[in-house]
Amino acid sequence: MNGNNRRLRIFTWHIHGSYLYYLSQGNYDLYIPVNSDRTPGYYGRGTTFPFGPNVHEVNVEDLQSLDFDLILFQTANNYQNDQYEVLSARQRALPKIFLQHDPPWGHPTDTKHITYGSDVMLVHVTHFNKLMWDNGQPDAQVIEHGVVDQGYTYSGELNRGLVVINNLPDRGRMLGFDLFLEMRKYVPLDLVGMGTEPYGLSEILHPQLPAFAGRYRFFFNPIRYTSMGLAVCEAMTYGMPIVGLATTEMVRHIRDGYNGFLDLNPAQLIDRMTFLLENKEVAKTMGANARRYALEKFSIQRFVHEWEALFLRAIAGQATAKTSYSY
C-alpha cells in the first residue's frame with residue numbers, strides 16, 4: 001500500500017509469462033496492454049498462467065485515460081518505442097523502472113545499458129547480469145527470482161533427464177541446442193517447451209509442469225549464457241537435482257555434489273548424468289537438498305516484498321525530486 005492506503009497501480013507489458021505470474025503475487029495491481037493483433041507484449045493475460053484478479057488487461061485505445069503510479073519497462077522496445085506510442089506525456093512523466101531480464105547480448109562486459117545516463121531506476125534479475133552490464137549507475141538494483149511453491153513432486157521414476165526451454169532449436173548455441181543434441185546421444189534426455197518440435201515433446205502447460213517434471217531423474221540446463229532460468233528454480237522446488245554448465249548465475253546456486261552437478265566439460269556432465277541414472281537414491285537426496293535451498297533462496301514472499309518496497313522507493317524518490325526543484 002502507498003501512503004494513501006491504496007494499492008499501487010503498475011503499468012507494464014506481458015513479456016515473460018512466468019515472471020509476470022510471479023510478480024503478480026504481490027499486493028499491488030498490474031495493468032497490461034492488449035491490441036487487436038495481439039502482438040508481442042500486447043496479448044494480455046493469455047491462457048497459460050493462472051493470473052489472479054490483480055492483473056488487468058487494458059485496450060491500448062483506453063490506456064491514456066487511466067491513472068498509474070509507475071511504469072515498468074522490460075525490453076528496449078518498451079523503453080525506446082512503446083511508451084511513446086501508447087502512453088500520454090503525463091503517464092511518461094511517472095516514476096520509471098527498467099527490469100533487465102538478460103545479460104548483454106553484445107560485448108559481455110562493455111555494453112552500455114539502454115538506460116545509461118537516464119533517471120530510470122535499473123533492476124537486474126541476477127548479480128551476474130548487473131556485473132556484466134555497463135549500468136551507468138552505481139545503485140542499480142538486483143531482485144533475485146522468486147517462485148510459487150507447487151509442492152514436492154519428485155519421484156524420479158523415469159530413468160531420463162529433462163530439459164525445459166522454449167524455442168530451443170531457434171535459439172541455438174547461446175542456449176545450448178548443440179549441447180542438447182550431442183549429449184542425448186549418450187544420455188536419455190527429453191525436451192519440452194514451445195517450439196521444440198521435432199526435437200522435443202512440445203509444450204507442457206505451466207500448471208501441469210510440476211507433476212510432469214517430477215517423474216524425471218534429473219533436470220538438465222544446457223544454457224551457456226543467460227540469466228538464471230526460472231525453470232531451474234522451479235525444478236529445484238519440485239525436488240529435482242540439477243545438472244548444468246558452470247557459467248553465469250548457476251555457480252551461485254548449484255553446489256556440486258550437494259544439490260546437483262556443474263562443469264564446463266560436457267564429457268564430465270555426461271558422466272554425472274549417468275551417475276544419477278544409476279543411483280536413484282542419491283538423486284533423490286540431492287533433489288531434496290535442491291528443494292530446501294530453493295524454498296529459502298527463491299521465496300515468493302521475499303520476492304514480492306522486495307518488489308513492493310522498490311516500487312514505493314521509486315515513487316517516493318520522484319516525489320522528493322519534484323519537491324526539491326519546486327522552488
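Bear in mind the structure is a predicted one, so any value in this text is a computation, not a measurement.
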- Query: Sub-3.5 Å donor-acceptor pair from the side chain of Asn265 to the main-chain atoms of Ala267, do we have one?
  - Reply: yes
- Message: For the OH atom of Tyr43 and the CD1 atom of Ile15, what is their distance to the nearest 0.5 Å?
- Response: 6.0 Å
- Query: Does Arg7 come within less than 4.0 Å of Asp29, counting only side-chain N to carboxylate O?
  - Reply: yes
- Query: So, His253 versus Tyr293: side-chain donor-acceptor pair below 3.5 Å or not?
  - Reply: yes
- Under 3.5 Å, is there a donor-acceptor pair between the side chain of Thr39 and the main chain of Asn35? no
- Would you say Tyr199 has more than 12 foreign heavy atoms packed within less than 6.0 Å of its OH? no
- Between Arg184 and Asp190, is a salt bridge (charged side-chain N to carboxylate O under 4.0 Å, His left out) present by the stated rule, with each step listed? CA-CA 8 Å; Arg184 75 172 183 174; Asp190 286 340; over 6 Å; no
- Message: Name the residue from His113, Gln141, His124 that meets the side chain to side chain donor-acceptor pair (under 3.5 Å) definition with Asn135.
- Response: His124
- To the nearest 0.5 Å, tell me how far Arg160 CZ sits from Leu276 CG. 15.0 Å
- Hits for side chain to side chain donor-acceptor pair (under 3.5 Å) against Asn259, two or more places apart or cross-chain, chain-then-number order -> none
- Task: Kindly give the heavy-atom pair with the smallest separation between Asp69 and Pro95, and that separation in Å.
- Result: O-CD, 3.4 Å
- Message: Do His145 and Val125 make a side-chain contact, defined as non-hydrogen atoms from C-beta onward lying under 4.5 Å apart?
- Response: yes
- Neighbour count >12 (heavy atoms, 6.0 Å) for atom CZ, Arg224: yes
- Message: Between Asn167 and Thr196, do the side chains contain a donor N or O and an acceptor N or O under 3.5 Å apart?
- Response: no
- Query: Backbone N or O of Arg291 within a donor-acceptor pair of the Thr237 side chain at under 3.5 Å?
  - Reply: no
- Gap between atom OG1 of Thr115 and atom OH of Tyr79 - 0.5 Å precision: 6.0 Å
- Query: Would you say the side-chain atoms of Ser65 and Asp62 include a donor-acceptor pair closer than 3.5 Å?
  - Reply: no
- Task: Could you tell me whether the side chain of Asn166 and the main chain of Met194 form a donor-acceptor pair under 3.5 Å?
- Result: yes
- Report yes if the distance between the aromatic ring centroids of Tyr42 and His14 is under 6.0 Å, otherwise no. no
- Query: Is there side-chain contact between Phe177 and Pro222, with heavy atoms separated by less than 4.5 Å?
  - Reply: no
- Hey, does the side chain of Gln150 reach the backbone of Glu234 with a donor-acceptor pair shorter than 3.5 angstrom? no
- Message: Is there a path of hydrophobic side-chain contacts, each under 4.5 Å between heavy atoms of I/L/V/M/F/W/Y residues, joining Ile204 to Phe49?
- Response: yes
- Ile32 to Gly44 - nearest heavy-atom pair and separation: CD1-C, 3.4 Å
- Task: Please check if the side chain of His107 supplies one atom and the backbone of Thr109 the other of a donor-acceptor pair under 3.5 Å.
- Result: yes
- Work out which heavy atom in Tyr225 is nearest to a heavy atom in Pro103; give both atom names and the distance. OH-CB, 3.5 Å
- Item | Pairwise distance CG(Leu162) to CZ(Arg217) - rounded to 0.5 angstrom | 13.5 Å
- What are the two closest non-hydrogen atoms of Ser24 and Val55, and how far apart are they? CB-CG2, 3.5 Å
- For the ring pair Phe311 and Tyr28, is the centre-to-centre distance below 6.0 Å? yes
- Message: Using 30° and 60° as the class boundaries, would you call the ring planes of Trp13 and Phe73 parallel, tilted or perpendicular?
- Response: parallel
- Message: Has Lys96 got a side-chain atom pairing as donor or acceptor with Leu70's backbone, closer than 3.5 angstrom?
- Response: no
- Donor-acceptor contact below 3.5 Å, side chain Trp133 vs main chain Gln100: no
- So how far is it from Ile143 CD1 to Phe303 CZ, rounded to the nearest 0.5 Å? 7.0 Å
- Tell me, do Met121 and Phe98 make a side-chain contact under 4.5 Å, heavy atoms counted? no
- Would you find more than 12 non-hydrogen atoms of other residues, nucleotides or ligands less than 6.0 Å from Glu296 atom CD? no
- Query: In this structure, are over 12 heavy atoms from other groups packed under 6.0 Å from His101 atom NE2?
  - Reply: yes
- Applying the 4.5 Å side-chain criterion to the ILVMFWY set and letting contacts propagate, would Leu205 and Tyr21 be lumped into a single cluster? no
- Side-chain donor/acceptor of Gln137 to backbone N/O of Val120, under 3.5 Å: yes
- Message: Would you compute the distance between atom CG of Leu262 and atom CD of Gln268 and round it to the nearest 0.5 angstrom?
- Response: 12.5 Å
- Grab the two heavy atoms, one from Tyr154 and one from Lys284, that are nearest each other, plus how far apart they are. CE2-CA, 3.7 Å
- Query: If you count the non-hydrogen atoms of other residues, nucleotides and ligands that lie under 6.0 Å from CZ in Arg302, is the total more than 12?
  - Reply: yes
- Query: Taking side chain as C-beta onward, heavy atoms only, is Tyr22 less than 4.5 Å from Leu230?
  - Reply: yes
- Tightest non-hydrogen contact, residues Leu269 and Gly244, listed as CD2-O, 3.5 Å
